[in-house]
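I have placed the structure first, in the form of C-alpha cells, so that the comments after it can refer back to it.
Read the numbers this way: they start at 1 and go in the same order the structure lists the ligands and their atoms. For reference, positions follow the sequence shown, starting with 1. All of these numbers come straight from a predicted model, not from anything done at the bench.
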Amino acid sequence: FIEAVIFDLDGVITDTAEYHYLAWKQLAEELGLPFDRQFNEKLKGVGRMDSLELILQQGNKSYTIEEKISLANRKNDHYKQLIQKITPNDLLPGILPLLKELKTNGVKIALASASKNAFTVIDKLQVGEYFDTIVDAGKIVKGKPDPEIFMVAAEQLKVPVQNCVGIEDAEAGIRAIKEANMFAVGVGNEDSMHQADLIVKDTNELTLERLRENFK
Ligand code: B16
Ligand code: MG
C-alpha cells in the first residue's frame with residue numbers, strides 16, 4: 001500500500017525550470033556562449049555544477065575550479081533574484097488538492113529536489129506545512145540518476161522503499177526512483193518517461209485514487 005509520496009520540485013510542484021533557464025541564459029550571454037531552450041532541456045533535474053559543466057563545454061575555454069565556483073555562484077545570484085517573484089499561484093495545477101488529499105488520508109509527504117534553493121521555493125509557494133520532510137540537497141553526494149536522494153527521503157520518513165511513490169518530470173529522476181526500488185510516476189511525454197510505472201501528461205491528473213489504482 002502507498003505509505004508515502006516523494007515529490008520532485010522543479011517540473012512537478014512548480015515550474016522553476018523557466019527561472020533556471022533565464023538565469024543560465026544570462027550567465028551564458030555574459031560568457032559569450034550559445035544557450036537556448038532546447039539546450040536547457042538537458043539541465044532539468046541536473047545539479048548546479050554539472051549543469052555549468054555542460055554549458056562550458058559549448059565553448060573551448062578552460063576554467064579553474066575557483067572560476068567555476070564563482071560562475072555557479074553568479075548564476076545562483078541571478079536565480080535567487082528571479083525566485084523572489086514566486087507566489088502560491090505558481091503551484092502547478094492539481095498539486096495543492098493532491099497535497100491536501102494525501103495529508104487527509106495519512107499518506108506521508110517528502111521533497112527530493114536537487115535544488116539547494118528548494119527551501120526558499122517551498123516557502124514562497126506556502127506549502128511547507130504539507131511536507132513531513134525535505135531532503136537537504138547540500139547533503140546529497142550523488143545527484144540524480146543516482147537513487148541516493150530518494151533513499152534518504154524514505155529513510156527520513158521511516159517508510160520502506162516498496163511503500164513509496166516517487167513523482168518526477170525528468171528522465172534522470174525516473175531512473176533514480178526506479179534504482180531506489182520505488183514506484184515511479186512520470187509527468188510529461190512518454191518518450192522521456194519509458195521507465196516510469198505510470199505516466200500522466202499533466203499534474204492535474206495526479207490524484208490519490210489514480211496512484212492507488214496503478215500502484216504495485
Ligand atoms: P540549484 P529538481 C533541479 O531541481 C533543477 O531541475 C535543475 O535544473 C537545477 O540545476 C537543480 O535543481 C539544482 O538547482 O541550482 O537551485 O541548486 O528538478 O531536482 O527539483
Ligand atoms: Mg524536476
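- Using a 4.0 Å cut-off between charged side-chain N and carboxylate O, Arg37 and Glu18 make a salt bridge.
- Between Lys144 and Asp8 there is a salt bridge, since at least one side-chain N of the basic residue sits less than 4.0 Å from a carboxylate O of the acidic one.
- One of the N, O or S atoms belonging to Asp169 lies under 2.8 Å away from the Mg ion (ligand 2).
- The aromatic rings of Phe7 and Phe131 lie perpendicular to each other, with more than 60° between the two planes, well past the 30° mark.
- Restricting Asp10 to its N/O/S atoms, the shortest distance to the Mg ion (ligand 2) is reached by O.
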Which pairs of N or O atoms, one from ligand 1 and one from the protein, are separated by less than 3.5 Å, and what is the distance for each pair?
{"residue": "ligand 1", "atom": "6 (O)", "partner": "Asp10", "partner atom": "OD2", "Å": "2.8"}
{"residue": "ligand 1", "atom": "6 (O)", "partner": "Gly45", "partner atom": "N", "Å": "2.7"}
{"residue": "ligand 1", "atom": "8 (O)", "partner": "Leu43", "partner atom": "O", "Å": "3.1"}
{"residue": "ligand 1", "atom": "10 (O)", "partner": "Val46", "partner atom": "O", "Å": "2.6"}
{"residue": "ligand 1", "atom": "12 (O)", "partner": "Ser115", "partner atom": "N", "Å": "3.4"}
{"residue": "ligand 1", "atom": "15 (O)", "partner": "Arg48", "partner atom": "NE", "Å": "2.8"}
{"residue": "ligand 1", "atom": "16 (O)", "partner": "Ser115", "partner atom": "OG", "Å": "2.6"}
{"residue": "ligand 1", "atom": "16 (O)", "partner": "Asn117", "partner atom": "ND2", "Å": "2.7"}
{"residue": "ligand 1", "atom": "17 (O)", "partner": "Arg48", "partner atom": "NH2", "Å": "3.1"}
{"residue": "ligand 1", "atom": "17 (O)", "partner": "Lys116", "partner atom": "N", "Å": "2.7"}
{"residue": "ligand 1", "atom": "18 (O)", "partner": "Asp8", "partner atom": "OD1", "Å": "2.9"}
{"residue": "ligand 1", "atom": "18 (O)", "partner": "Asp8", "partner atom": "OD2", "Å": "3.4"}
{"residue": "ligand 1", "atom": "19 (O)", "partner": "Asp8", "partner atom": "OD1", "Å": "3.1"}
{"residue": "ligand 1", "atom": "19 (O)", "partner": "Ala114", "partner atom": "N", "Å": "2.8"}
{"residue": "ligand 1", "atom": "19 (O)", "partner": "Lys144", "partner atom": "NZ", "Å": "2.9"}
{"residue": "ligand 1", "atom": "20 (O)", "partner": "Asp8", "partner atom": "OD1", "Å": "2.8"}
{"residue": "ligand 1", "atom": "20 (O)", "partner": "Leu9", "partner atom": "N", "Å": "3.3"}
{"residue": "ligand 1", "atom": "20 (O)", "partner": "Asp10", "partner atom": "N", "Å": "3.0"}
{"residue": "ligand 1", "atom": "20 (O)", "partner": "Ser113", "partner atom": "OG", "Å": "2.8"}

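- With respect to Lys42 and Asp50, no salt bridge is recorded, no charged nitrogen being found less than 4.0 Å from a carboxylate O.
- The pair Lys68-Glu53 meets the salt-bridge criterion, with a side-chain N (NZ, NE, NH1 or NH2) lying under 4.0 Å from an Asp/Glu carboxylate O.
- When distances from the Mg ion (ligand 2) to the N, O or S atoms of Asp8 are compared, OD2 comes out shortest.
- The environment of CD in Gln38 is sparse: at most 12 heavy-atom neighbours from other residues, nucleotides or ligands sit within 6.0 Å.
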Exercise for review: Could you walk me through whether Lys44 and His20 pass the side-chain hydrogen bond (donor to acceptor under 3.5 Å, both in side chains) test, one step at a time?
Suggested key: CA-CA 9 Å; Lys44 288 193 177 169; His20 282 295; over 6 Å; no
